[in-house]
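Below is one structure, written out as structure tokens; comments come after it.
So that the names make sense, note that chain A is the first sequence line, chain B the second, and so on, each numbered from 1. Only this structure's heavy atoms are used, side chains among them; waters, hydrogens and symmetry mates stay out.
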2 protein chains.
Amino acid sequence: MKEDRRIQRSRDALHQALVALVLEKGYEAVTIKDIVERANVGRSTFYAHYKSKEDLLTNGLAELRALLTAHQQAALAEEGDVGQRCLGFSLALFEHAQSFRDIYRVLVGERGSAIVMNRMRALLADLVSQDLAAIAPAANDGQIPRSALIQFVVGALMSVLAWWMDRKSRLSPAEVDTIFRRLTIPAIVAAFDGPISNIDSNAER
Amino acid sequence: MKEDRRIQRSRDALHQALVALVLEKGYEAVTIKDIVERANVGRSTFYAHYKSKEDLLTNGLAELRALLTAHQQAALAEEGDVGQRCLGFSLALFEHAQSFRDIYRVLVGERGSAIVMNRMRALLADLVSQDLAAIAPAANDGQIPRSALIQFVVGALMSVLAWWMDRKSRLSPAEVDTIFRRLTIPAIVAAFDGPISNIDSNAER
DNA sequence: GCAGTTATCGGACACGATGACTGATAATTT
DNA sequence: AAATTATCAGTCATCGTGTCCGATAACTGC
């Protein structure tokens, strides 16, 4: 027995309505009344499926998570030197972001909410954490706590992503990815290296 | 004629109540009723001073802005090589954050609000922008847009700050600052350098 | 197709937060 | 001491939330 078609239609409509409305007014300002009116479903129907506005959001994020982890696994499986495999999912992320620009602006951009962004942050932190674990399994980081490095990378990633989304820059996903990697990889390398006394003389290994 | 002492008392009480409540429940969950009850202030009094919850918040942020810009100006005025002047305000920021841990957890941490964090982000972006302008006045960045670099640094800074605040890590401001700089400075250097083909051979200048 | 299941609808309800308004009271300033 | 004015308590209309119900429609499995 498949899932009732009515259920799919309602859920889809609600998800789409949420995204559209958050882009217009911001997450906090969106009311459930707004959502059900935009989705053209009855009020009770909403509560039949989701407990609250946040519940609806959480549900929508599940798909994204699955998609990104799949991309990451694929990237990790491929061959290449550390500089290529490290953060291997970033290009896929930027490409995915371009395809679903609207959703991503809600996830990382100015119009997002603390709740949404925290969810996204946690999701990316998982990815980065696994990625770093695959690159440098041991924990002999050069005095820099692993968790700090993870948060650093996630923050940088979300910032670059938000920067790209909010401005109308015509950069391609590959170009943005290049920017991100050129900035981030040196930081990761520096984290794994020993102490650095000066900037001008870096990476003598 | 100075400002009425009753006004100061009311405003102070409201500010303190807001900070305390946000730390307990998160910004969104705090109601005006909560605030006036905690502050022991009449409901109408709140509306006599502030238009809304956000208005109260904005008012509180003004002081912080003044304090941080002052710190930055002082740091920029001092002498030293690029590695020292660059992001010279960061240590002051971390020290300030330790002194006002409660407030900063609202500003950058998990319990903060999108509104507050966006304000904080804009504030830091101004500081970083001026800082980078002082270091590298021209705009011949190595293919990396200046605005992207600014957002990158701000995101990294807020992430490290949030990481430090949210965990109970006993690190001193100086230690956190070292972590932040060791990660960020290489990224900035890489941004100003020419194209890099590989990670292992970077900074050949 | 038909019968049984079930999602949806729309209305009603209680509840809590908001923001504005009032007159009386108390504190402060000059 | 007198004039000013911030504060208080209370009231009011409005809005969003979350829940419940019966009636109606749509869907599924046979």
Side-chain angles (χ1 to χ4, degrees), chain A residues 1-63 106 111-116 119, chain B residues 1-60 62-63 106 111-116:
Chain A
M1 56 167 154
K2 302 168 190 172
E3 197 166 47
D4 198 314
R5 186 180 302 150
R6 290 170 293 181
I7 297 182
Q8 303 173 26
R9 289 193 338 110
S10 294
R11 292 182 124 106
D12 269 14
L14 289 173
H15 276 122
Q16 288 181 9
L18 177 64
V19 172
L21 285 167
V22 170
L23 278 172
E24 293 174 12
K25 312 164 60 174
Y27 179 81
E28 327 290 353
V30 174
T31 70
I32 300 202
K33 190 186 167 198
D34 291 335
I35 300 176
V36 296
E37 279 178 356
R38 177 69 61 99
N40 205 29
V41 300
R43 182 176 176 70
S44 350
T45 306
F46 178 92
Y47 288 104
H49 290 290
Y50 306 104
K51 205 175 108 298
S52 63
K53 199 172 49 163
E54 194 184 337
D55 192 24
L56 171 61
L57 173 72
T58 303
N59 209 285
L61 275 171
E63 322 164 10
V106 175
R111 307 206 62 76
S113 77
I115 305 169
V116 189
R119 287 272 160 72
Chain B
M1 55 168 155
K2 302 167 190 172
E3 196 167 46
D4 199 314
R5 185 178 303 149
R6 289 170 295 181
I7 297 182
Q8 303 173 26
R9 288 192 341 110
S10 295
R11 292 182 124 106
D12 270 13
L14 289 172
H15 277 122
Q16 287 181 11
L18 177 64
V19 172
L21 286 167
V22 169
L23 280 173
E24 293 174 13
K25 312 164 59 172
Y27 177 81
E28 328 291 352
V30 175
T31 70
I32 299 199
K33 190 187 170 198
D34 291 334
I35 301 176
V36 297
E37 280 178 357
R38 176 70 60 99
N40 205 27
V41 159
R43 184 176 177 71
S44 350
T45 305
F46 178 93
Y47 288 105
H49 290 290
Y50 305 104
K51 203 175 110 297
S52 63
K53 198 171 50 163
E54 192 186 338
D55 192 24
L56 170 62
L57 177 70
T58 302
N59 209 285
E63 322 163 9
V106 175
R111 307 203 64 76
S113 79
I115 307 167
V116 190

Any N/O pairs under 3.5 Å between the protein and nucleotides 24-26 of chain C? List them or say none.
none

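For R5(B) and dT29(C), the CZ to C1' distance is 10 Å, given to the nearest whole Å. Remark: P of dC8(D) and CG of D4(B) are 13 Å apart, rounded to the nearest angstrom. Taking atom CD1 on I7(B) and atom P on dT5(D), their separation rounds to 10 Å, with Å as the unit. Taking atom CD of residue E3(B) and atom C1' of nucleotide dT5(D), one finds them 13 Å apart after rounding to whole Å. Distance, Y50(B) OH to dA6(D) P: 13 Å, rounded to whole Å.
Listed by first then second residue, pairs satisfying salt bridge (Lys or Arg N to Asp or Glu O under 4.0 Å) with a partner in residues 46-56 of chain B read E54(B)-R119(B), not counting sequence neighbours. The list of salt bridge (Lys or Arg N to Asp or Glu O under 4.0 Å) pairs with a residue in residues 29-44 of chain B, not counting sequence neighbours, reads E24(B)-R38(B), K25(B)-D34(B).
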Can you check each nucleotide of nucleotides 12-18 of chain D against protein heavy atoms at under 4.0 Å and return B for base, S for sugar-phosphate only, - for none, in 5' to 3' order?
----SBB

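The CZ atom of R5(B) sits 12.5 Å away from the CG atom of D12(B) when rounded to the nearest 0.5 Å. Considering CD1 of I35(B) and CG of N40(B), their distance stands at 14.0 Å, rounded to 0.5 Å. Atoms CD1 and CZ, from I32(B) and F46(B) in turn, are 4.0 Å apart once rounded to the nearest 0.5 Å. S10(B) contributes atom OG, which lies 11.5 Å from atom NE2 of H15(B) (distance to the nearest 0.5 angstrom). Going from atom CG of L23(B) over to atom CG of L18(B) covers 9.5 Å, rounded to the nearest 0.5 Å.
DNA chain C lies under 4.0 Å from at least one heavy atom of each of the following residues of residues 8-19 of chain A: S10(A).
Considering only heavy atoms from C-beta on, V41(A) stays 4.5 Å or farther from R9(A) through its side chain. Looking only at side-chain heavy atoms (C-beta outward), V36(B) and T45(B) stay at 4.5 Å or farther from each other.
Checking the phosphate oxygens (OP1, OP2) of dA6(D), no side-chain nitrogen or oxygen of T45(B) falls inside 4.0 Å. Distances shorter than 4.0 Å separate some side-chain N or O of H49(A) from OP1 or OP2 on dT8(C).
A donor-acceptor pair is defined here as one N or O able to donate and one able to accept, closer than 3.5 Å; no such pair exists between the side chain of E3(B) and the backbone of Q8(B).
In plain terms, the two heavy atoms of A13(A) and A39(A) that are nearest each other are O-CB, 3.5 Å. V116(A) and L57(A) make their closest contact through CG2-CD2, 3.5 Å (heavy atoms, listed as atom of the first residue, atom of the second, distance).
Rounded to 10°, the angle separating the first-five-pair axis and the last-five-pair axis of the helix from dG1(C)-dC30(D) to dT30(C)-dA1(D) equals 50°.
Screening N59(B), L56(B), V19(B) for a side-chain contact (heavy atoms from CB on, under 4.5 Å) involving L14(B) leaves a single residue, L56(B).
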